[in-house]
Structures are given as C-alpha cells and as structure tokens.
2 protein chains.
Amino acid sequence: MREDTSKNSIDTRSRILDAAESLFMEYGFDGTSMRLITGQAGVNLAAINYHFGSKELLFQEVFRRRLTDLNRRRIAVLDALEAEAGGAPLKPSRIVEAFFGEALRMAADVEGGGHTFMRLLGRTYTEPNDFVRQFLAEEYAECVDRFLAALYRALPEVERTEILWRFHFMMGAMSYAIAGTDALQLLAGKFDDEDPARLASRLMSFLLGGLRAPLADPGPA
Amino acid sequence: MREDTSKNSIDTRSRILDAAESLFMEYGFDGTSMRLITGQAGVNLAAINYHFGSKELLFQEVFRRRLTDLNRRRIAVLDALEAEAGGAPLKPSRIVEAFFGEALRMAADVEGGGHTFMRLLGRTYTEPNDFVRQFLAEEYAECVDRFLAALYRALPEVERTEILWRFHFMMGAMSYAIAGTDALQLLAGKFDDEDPARLASRLMSFLLGGLRAPLADPGPA
DNA sequence: GTATGATTAAAACAACTGTTTGATTTGTGT
DNA sequence: ACACAAATCAAACAGTTGTTTTAATCATAC
C-alpha cells in the first residue's frame, strides 16, 4: 500500500509542484486555492506552507524548477554555435532557432509536464503581477542578454530597438501558439489536431519570416 | 457639488465599466474584487449586482461594450475592400491589415480607454475560463469567419490549416505586443519608449513577413 | 529502545469573497 | 403635491481565502 521510503518528503514536494503546475496553468494564480492544490496532490493543506513558505513562493518554485534548466540549455546551444563559428557572427536564423527551439522541445514533452509548464509560462507573461515580473526578470536576465547580444552582432546594420521589438513579437507568437491553443480552437471552430507535432516547424518558419521582413517605415504620418 | 441630471444611472453604469476594465486588465478576473471595482468607481457595492446581475456578467459587458464595435468596423473595412475589388480575390496583406489595423487603431487610443481594453483582451486570450471562452467565441464568430473566408479565397493554393495557424500566430504576436509591454520592458531591461506610436507599423511588417514566409516542411523526422 | 528532529495531521484563525436583503433616497409623470 | 418606479445605501449573509497553531506521527542516530 505504501511505497515511500526516506524520500517521503521530497515526494510530497514534487507532488505539490506537479499539481500546482497543472492547476495554475488551468485556473491562474488567483483562481487556484491551496485546498485545490493539496487536494489534487493528496497531501495535507499545511504542507505547502511547510515546504515552500507561502503560495507565492510555491508559484515561484514551479517556475524555477523548469526555467533554470531551460535557459541553461539555451545558453549551452548558443555556446556551441558560437564555438563552432569561431568568432564569426552567427546567422540570425540559427540564433532564433536555438532560443525558440529549446522552448518548443520542452512544449512537445507532454508526459513529463513540459507542455503544461510552457502553457503556464505563456499565460503568465500577460499577467503582470509585480512579484512574478520581478522573478521572471531575474530568471531570464542572463539568457536574454546573451541572445540579444548575439542578435546584435549578427545584425549590426539593424537598429537595436528594432531587434528588441522583433524578439518581443516572436515571444508573443510562440507563447500564444502554445498557451492559446484553446483560443484558436475556439475562434476557428473545428480544427484538425493531427498537428501538434508539426507545430514547431510551422511556428519556426513563421518566426523566421517575421524576423526577415523589411523594416517598417519610421514615420506613419 | 452635483452635476448629474437624469443620466445618473447610466453614469453609474459606465463608471463601473471603466473601473472594471482598468482593474480587470491589471489584476485579472479573479484578482479583482467587487469592492475594489466599486471603490474605484465611487459607487455602492451593490451597484454591480443591481446594474449587471453578477461579476461574470459585468466582465462580459466590459468586453461587449468594445468588441462589438471593433468587429463591426473590421467587417465594414473588409466589405469596402471587397466592393472595391469587385469580385476579384483580395491581396492577403490587405486582409491582414484590415483585421489587425483596426485593433491597433483601438490600442492607440489611450485616453478613450481603447489601449486598456486591448491589453485586457490580450491577457484574456490566455485565460481559458470556460464562460469567457464561450462568450468570446460567439462575439468573434462572424468576424473571424468573414476574414478567414477572405484569406482562403486570397490564397487558394495554401492549405486552410496552414492559414489557420498563421492567423493564430499573428493574433499572438499582436496580443503580446500590446498586452505584454511590461514583459518586454522587463526582459530587455531599459527600453526607449519613444515608439508606442510606431508599434503599429513595426508589428504590421512583422506580421506580413510571417504571413509570406515559406511553408514549413511537413515532416520533421 | 529511546531520544531527537523532520514531517504530517486536524483544527482554528481573522480577513475577504460575491451576493442578497430591506430600508431609504432619488427622479419622473401626473 | 402626490404616487410610483428606479436607484442607492448600509448591513448582513454564508462560504472561501491563505496562514498559523498545536498535537501526533514519522524516520533516523545513538
């Protein structure tokens, strides 16, 4: 009947994290109660405060658990690309593929929870809670700095502000592609879903098309 | 001291709607309490239930107030384009410009509240509350049907599924560009904001670049 | 086996949630 | 001025929120 040995407590921790990840994704931070989380995790109500301190700290830990590795992997890929190039600037498309490809790879991991997490991350971008924004900024800082620097070097003739905006647009397209699948099914009515596997290649070609688009006229009257 | 005549009640209604729009945008549906709304609106707590019936119905009315007009304008522009073309299929870029241009025009209206509303709309796409999804689907149905039909006719050689996905990506890029400005400021650190006026042209050229991008390989191994 | 610290458990805490009630005020038509 | 409906108000409703407390149980080292 019982299978927990000494890893009982770390089991409780990850059961809470898994349940919280899934519920935060579905109902948001405010829409998810402690009792809902502990109920789905099958643990006592007080376990969250005991193991994480508060609901907010649990929320942050849900992100840290996956984001740290994701951004580490992104930087590792970028390191490899730059080492291979040997000092020469990279192709912009390779940089973009590295950054968004790693995210899409995580989003494709349905059983391991990566898919759920990426949907949660996507909807969190548009929920500008102060404490979440502060936290995400710190978590992303190094990775974004590295990739922006690489893009600046790859596109020296393009204004940096323009690159920033394009990066923002790409983040938005990706987040919606993952987090807003329900919205699409909604707007478009019936939608053949033979394709979540092909999402990555579809999205990537869209992103690269947007990246390569001619710059806008500076002055629209 | 008092300036209200007979329009007292409709004044209360719109005061509530304005406060709710702004607060829902900032804190989300669950994070915004009735007392917060009525407090900022300067009306009695019971006024929301009296004038709108419930918090959910107020939420819906916040959307209906702006969305109905927005989609009506979109369809009007599309009608004009099709009348001008006289039966010939439209250029895809014109269709996209019509759909997203109207949204961006609303987002540029800061004083009138259009900007706030578009940010709220953007973050709501990723909050898949059942009752919101149902409502948005009905509100968008006719407009999306018309624009998708126009795109299908404009791009007869492209699979309809591909067009759906591109439309989804474009929606995501736009919503983030408007709703997630804070997220960008965050990730990129300092960000010159001499540009909210140029957002429209920047975004439009990105969207058209994505729309024109070559289709992805169907099979990524 | 017993002591010690870590974990779990049940119960209670005050604060806040959306909604309803009943009385009072306000506006309008006669 | 009167009557009638619309609108506002203060107060209370029952239920839920995140967190804390105190006791019980667990695992482990001596």
Side-chain angles (χ1 to χ4, degrees), chain A residues 1-63 124 127 129-132 135, chain B residues 1-63 124 127 129-132 135:
Chain A
M1 189 69 79
R2 50 193 295 277
E3 54 195 345
D4 43 354
T5 65
S6 76
K7 63 176 162 31
N8 199 336
S9 81
I10 72 160
D11 183 60
T12 298
R13 264 186 69 98
S14 56
R15 290 170 65 90
I16 292 174
L17 285 170
D18 290 341
E21 184 175 69
S22 160
L23 291 167
F24 282 145
M25 183 272 280
E26 189 154 10
Y27 304 112
F29 179 77
D30 290 308
T32 305
S33 71
M34 311 272 279
R35 286 161 181 83
L36 196 59
I37 298 171
T38 53
Q40 182 161 116
V43 302
N44 187 270
L45 168 62
I48 289 180
N49 289 286
Y50 177 79
H51 284 282
F52 301 95
S54 71
K55 188 186 181 185
E56 289 201 355
L57 289 172
L58 166 64
F59 194 67
Q60 291 191 13
E61 187 56 32
V62 166
F63 284 87
T124 306
E127 288 181 21
N129 283 17
D130 279 340
F131 84 94
V132 176
F135 167 73
Chain B
M1 189 67 80
R2 51 193 295 276
E3 53 195 344
D4 42 354
T5 64
S6 75
K7 63 176 162 34
N8 199 336
S9 81
I10 73 160
D11 183 59
T12 297
R13 266 185 67 97
S14 56
R15 290 170 64 91
I16 292 174
L17 285 170
D18 289 342
E21 184 175 68
S22 160
L23 291 168
F24 282 146
M25 182 273 282
E26 190 154 7
Y27 304 112
F29 179 76
D30 290 309
T32 305
S33 71
M34 311 273 279
R35 286 160 180 83
L36 196 59
I37 298 171
T38 52
Q40 181 161 117
V43 302
N44 187 270
L45 169 62
I48 289 180
N49 288 285
Y50 178 80
H51 284 283
F52 300 95
S54 71
K55 189 186 180 185
E56 288 201 356
L57 289 172
L58 166 64
F59 194 67
Q60 292 192 12
E61 187 57 32
V62 166
F63 284 87
T124 306
E127 288 181 21
N129 283 18
D130 278 341
F131 86 93
V132 176
F135 168 73

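Treat the numbers as computed from the prediction; the structure is a model and nothing was measured. Per chain, numbering begins at 1; letters A, B, ... match sequence-line order.
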Separation of atom [atom1] in [X] from atom [atom2] in [N], rounded to whole Å:
{"X": "B:Ile48", "N": "D:dA7", "atom1": "CD1", "atom2": "P", "result": "16 Å"}
{"X": "A:Tyr50", "N": "C:dA10", "atom1": "OH", "atom2": "P", "result": "17 Å"}
{"X": "B:Arg15", "N": "D:dA7", "atom1": "CZ", "atom2": "P", "result": "16 Å"}
{"X": "B:Asp11", "N": "C:dT26", "atom1": "CG", "atom2": "P", "result": "16 Å"}
{"X": "A:Asn49", "N": "C:dA9", "atom1": "CG", "atom2": "C1'", "result": "14 Å"}

Worksheet entry | OP1 or OP2 of D:dT8 under 4.0 Å from side-chain N/O of B:Thr12 |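 Yes.
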Discussion item. Tell me whether the side-chain N/O atoms of A:His51 come closer than 4.0 Å to OP1 or OP2 in C:dA6.
Written reply: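 Indeed not, no polar side-chain atom of A:His51 lies that close.
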Discussion item. Quick one, B:Met34 with B:Asn49, criterion side-chain contact (heavy atoms from CB on, under 4.5 Å). Give me CA distance, side-chain angles, the key distance, then yes/no.
Written reply: CA-CA 9 Å; B:Met34 311 273 279; B:Asn49 288 285; 3.3 Å; yes
[X] side chain vs [Y] backbone, donor-acceptor pair below 3.5 Å:
{"X": "B:Lys55", "Y": "B:Phe29", "result": "yes"}
{"X": "A:Ser54", "Y": "A:Leu57", "result": "yes"}
{"X": "A:Thr32", "Y": "A:Leu23", "result": "yes"}

Separation of [Y] [atom2] from [X] [atom1] (nearest 0.5 Å):
{"X": "B:Ile37", "Y": "B:Leu17", "atom1": "CD1", "atom2": "CG", "result": "10.0 Å"}
{"X": "B:Thr124", "Y": "B:Phe63", "atom1": "OG1", "atom2": "CZ", "result": "3.5 Å"}
{"X": "A:Asp30", "Y": "B:Glu127", "atom1": "CG", "atom2": "CD", "result": "9.0 Å"}

Worksheet item: Taking the side chain of B:Ala46 as its heavy atoms from C-beta onward, which of C:dT19, D:dC9, C:dT7 lies nearest to it?
Response: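 Closest nucleotide to the B:Ala46 side chain: D:dC9.
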Worksheet item: Residues two or more places apart in sequence or in another chain: which of them pass ring pair (Phe, Tyr, Trp, His ring centres under 6.0 Å) with B:Phe135?
Response: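 Result, ring pair (Phe, Tyr, Trp, His ring centres under 6.0 Å) vs B:Phe135: none returned.
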Worksheet item: Which residues within residues 21-45 of chain A lie with some heavy atom under 4.0 Å of an atom in DNA chain D?
Response: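 Those residues are A:Thr32, A:Ser33, A:Met34, A:Arg35, A:Leu45.
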Discussion item. Does anything in residues 53-63 of chain B come within less than 4.0 Å of DNA chain C? Heavy atoms only, and list the residues if so.
Written reply: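 Heavy-atom contacts with DNA chain C come from B:Ser54, B:Lys55.
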Discussion item. I want to check something: taking the side chain as every heavy atom from C-beta on, are A:Phe52 and A:Gln60 in contact at a cut-off of under 4.5 Å?
Written reply: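 A:Phe52 does not reach A:Gln60 side chain to side chain.
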